[in-house]
Structures are given as structure tokens and as C-alpha cells.
Amino acid sequence: MLPSTRGRLEIHAAALFWGLTGPIGKVLEDVPAVFIVSFRTLVGGAALLAIVFIVGDSLRIRWRRDGLKLLAIGLLLAVHWWFFFKAVQVSTVATGLLALATIPVMVAFLEPLFFRRKLRKIDLATGALVIAGMALMIEQYDLSNEMTQGVVYGLLAAVTAALFTVLNKQILPDYSAMSIAFYNLAIAGVATLPFAWSGVGVVTWYEWLLLILLALLCTAGSHALFLRGMRYVEAHYATIVGCLEPIYGTLFAALFLYEYPALRTLAGGSLILLATWLATVISVRRERMEAAEAPGALVGDPEVG
């Protein structure tokens with residue numbers, strides 16, 4: 001098998017495993033979201049630590065400011081996942097995942113605040129599509145309505161994930177992606193540990209099994225597969241495949257939980273996915289143009305393998 005083919009399969013497998021996160025969170029709706037986050041990050045972080053040692057990555061933090069950034073990123077990750085699991089627990093898997101799909105659009109609005117970039121017309125257009133999609137998904141503008149709560153929690157999850165992405169982007173050039181992923185999970189796990197057992201009742205063996213699956217397959221395993229695949233395919237391909245997570249998650253929810261999204265959810269979700277796809281493609285093209293214009297850059301550099 002060609003390395004590029006293997007890389008594509010690994011990227012798709014990672015997106016597929018990420019798609020299981022929402023349905024598993026829905027099945028675990030009787031388990032507090034903070035406990036799920038704590039268990040997932042601690043066990044997933046331990047697995048990533050083993051992978052870091054196997055591949056020989058360094059965990060040394062060079063500068064104090066980098067340590068502070070990693071601390072902030074880990075805390076954002078913990079809050080992000082808490083919002084996400086609350087979204088799917090109070091509403092539906094599709095609602096939580098489609099609200100989460102707004103991340104690329106939110107990143108486009110946040111980047112001008114962190115980097116020297118101007119907000120463009122296309123960013124405003126994708127933002128308008130997201131607002132229209134969210135408006136379609138909300139049945140009643142009432143916070144006592146479960147679908148409305150799901151959309152609000154999902155949007156808060158997307159905002160924190162967008163901040164998480166932008167801050168990670170600032171620190172990524174100086175450290176290996178695997179070591180950063182480990183610190184993200186470890187900090188999130190330690191931060192949520194003091195609150196993890198609050199309100200936890202009896203956890204059945206089946207729920208423990210799902211929690212282990214969530215930590216090892218949907219967290220550590222998917223991260224490792226995605227990063228391995230990134231070595232053999234272009235970044236834009238990996239980014240666009242990552243946008244399939246809401247589709248995979250909605251399909252899994254329909255197959256295993258018999259949870260079928262309403263027509264208005266599908267209509268609003270379609271607008272959100274369109275905005276996400278446009279934001280992703282345009283962002284990738286901009287980055288490739290900037291790379292091509294950089295001194296010594298090669299235009300049309302083919303993918304590895």
C-alpha cells in the first residue's frame with residue numbers, strides 16, 4: 001500500500017472514531033459530563049504519554065510563557081468537552097455535532113485578534129450562513145427547551161474549541177504535535193479531577209466499557225491516527241476529512257440509537273456544513289498561497305509518498 005493511501009485511510013479512521021464520541025456521550029447521559037471529561041482525558045493522556053515515549057518525542061517545555069499557554073489550552077479543552085457532552089446529553093447527537101461544526105468559521109473570526117490578518121467578506125458570508133443554520137435548528141427561543149439548550153451548549157463548545165485551536169496554532173511550530181496533545185489531555189484531566197466524582201452514582205460495567213472506548217479509541221487512538229496520517233497527506237485534505245465528524249456521528253446515532261434528526265435540524269445543519277466547508281477550503285488556499293509566496297517556497301509541492 002502506498003504511504004499516501006495509508007495516510008488517507010488513517011485520517012478517515014480518525015474522523016470515524018471522532019464521530020463515535022457524540023453517540024457514546026448520549027448513551028452515558030446518566031454519567032455527569034465532568035466525570036466523562038476527566039476519565040477521558042486522564043486515560044487518553046496516559047495512552048498518549050506511552051506513545052510519546054515509544055516514538056521518542058521530547059516533553060521538555062522551553063519557555064515559561066509556553067507553559068502558561070499550554071495550561072490555558074488544557075483548561076479550554078476541559079471546558080470545551082464539558083459543553084459538548086452537555087449538548088448531546090440534553091438534546092440530540094446531531095444537534096451537538098452540527099453546532100460543533102461551526103468551529104472553522106469561528107476560528108476565521110478569532111484569527112484577526114491573534115494574528116495580523118483582516119476579516120474578509122467571505123468570513124462574514126460564512127458567519128451569516130452559520131447564523132441562518134442555527135436559527136433553523138432552534139425550534140423555540142426558550143432556554144427551557146431542550147433543543148435550544150443543546151444548540152447553546154454546542155455553540156459554547158465551538159467557541160472554546162476555536163480558542164483552543166488558535167492558541168494551539170501559536171505554539172505548534174515549536175513542539176511536536178504528539179507532545180502538545182499529551183499536555184492538552186493531561187492538564188484537562190488534572191483540572192477536572194477534583195470535580196469528577198461530584199454527583200456520580202453507580203457506574204455500570206457497560207458504562208465503564210464505553211468510557212474506556214471513548215478514552216482509548218476516540219481520544220488517544222484517533223489523535224495518533226490523525227497525526228500519523230498527516231505525515232503522508234496534504235494538510236488541506238486532512239482538514240476537510242475532519243469536517244466529516246458530524247456526518248459520521250449523526251449516522252452512528254441513527255444506526256445504534258435510532259435517533260433521527262428532524263427536517264429543520266438537517267436543513268440548518270446543511271447550511272452549517274456548507275459554511276464549514278467553505279471556511280476550510282478558503283483557509284487552506286490562503287495558507288498555500290502564503291507558503292508559495294514565502295522566500296524559497298516551491299509552488300505546487302506534491303504530497304509526501
Side-chain angles (χ1 to χ4, degrees), residues 15 18-19 21-22 25 76-77 79-88 90-115 117-143 145-169 235-236 238-251 253 261-287:
W18 284 331
T21 303
L76 278 171
L77 180 63
V79 175
H80 156 69
W81 270 336
W82 185 85
F83 280 136
F84 171 70
F85 285 119
K86 287 293 290 183
V88 298
V90 302
S91 59
T92 66
V93 174
T95 300
L97 286 172
L98 290 170
L100 198 63
T102 62
I103 293 172
V105 177
M106 293 190 178
V107 169
F109 278 84
L110 285 174
E111 280 185 331
L113 301 177
F114 291 86
F115 304 99
R117 290 177 183 165
K118 293 181 179 180
L119 194 64
R120 296 158 306 150
K121 291 181 180 179
I122 188 63
D123 298 327
L124 297 174
T126 54
L129 279 175
V130 165
I131 293 171
M134 288 289 112
L136 277 174
M137 288 175 61
I138 296 176
E139 296 178 355
Q140 301 175 20
Y141 290 89
D142 181 2
L143 286 177
N145 180 268
E146 291 182 344
M147 289 298 292
T148 304
Q149 292 175 14
V151 171
V152 171
Y153 278 127
L155 286 175
L156 290 172
V159 170
T160 49
L163 285 167
F164 165 87
T165 301
V166 172
L167 290 176
N168 254 335
K169 191 172 182 179
H236 82 279
T239 306
I240 292 172
V241 171
C243 294
L244 294 175
E245 180 189 351
I247 297 173
Y248 287 144
T250 302
L251 288 175
L263 183 60
R264 65 184 303 130
T265 302
L266 290 174
S270 298
L271 289 178
I272 293 169
L273 291 177
L274 174 61
T276 299
W277 180 79
L278 286 172
T280 303
V281 170
I282 291 165
S283 175
V284 167
R285 285 182 179 175
R286 183 180 68 239
E287 289 177 0

If I compare all heavy atoms of [X] with all of [Y], which pair ends up nearest, and what's the gap?
X      : Y      : result
Gly269 : Leu98  : CA-CD1, 3.6 Å
Ala275 : Thr126 : CB-O, 3.6 Å
Ala162 : Leu110 : CB-CD1, 3.6 Å
Gly154 : Ala87  : N-CB, 3.7 Å
Tyr248 : Gly19  : CB-CA, 4.2 Å

What residues, two or more places apart in sequence or in another chain, satisfy side chain to side chain contact (heavy atoms under 4.5 Å, CB included) together with [X]?
X      : result
Leu266 : Pro261
Leu155 : Thr102, Met106, Met134, Val151
Leu167 : Ile73, Leu76, Phe114, Gln170
Ser91  : Thr95, Met147

What is the distance from atom [atom1] of [X] to atom [atom2] of [Y], rounded to the nearest 0.5 Å?
X      : Y      : atom1 : atom2 : value
Thr250 : Leu273 : OG1   : CG    : 8.0 Å
Leu129 : Ser270 : CG    : OG    : 11.5 Å
Ile131 : Ile272 : CD1   : CD1   : 11.0 Å
Thr265 : Leu97  : OG1   : CG    : 12.0 Å
Leu100 : Leu156 : CG    : CG    : 11.5 Å

- Which residue pairs satisfy the side chain to side chain donor-acceptor pair (under 3.5 Å) criterion with at least one member in residues 145-158, sequence neighbours excluded?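 Residue pairs with at least one partner in residues 145-158: Asn145-Thr148.
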* List for me each residue that meets side-chain hydrogen bond (donor to acceptor under 3.5 Å, both in side chains) alongside Trp81, sequence neighbours excluded, and say none if there are none. =>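 Result, side-chain hydrogen bond (donor to acceptor under 3.5 Å, both in side chains) vs Trp81: none returned.
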Before you tell me yes or no, could you show the steps for Phe164 and His80 under side chain to side chain contact (heavy atoms under 4.5 Å, CB included), namely the whole-Å CA-CA distance, both residues' side-chain angles and the distance that decides it to 0.1 Å? CA-CA 9 Å; Phe164 165 87; His80 156 69; 5.9 Å; no
Original post:
Heavy atoms, side chains only, cut-off 4.5 Å: are Phe84 and Thr21 in contact?
Top reply: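 Yes, their side chains come closer than 4.5 Å.
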Kindly indicate whether the side chain of Leu251, heavy atoms from C-beta on, has any atom under 4.5 Å from the side chain of Ile247.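 A side-chain contact under 4.5 Å exists here.
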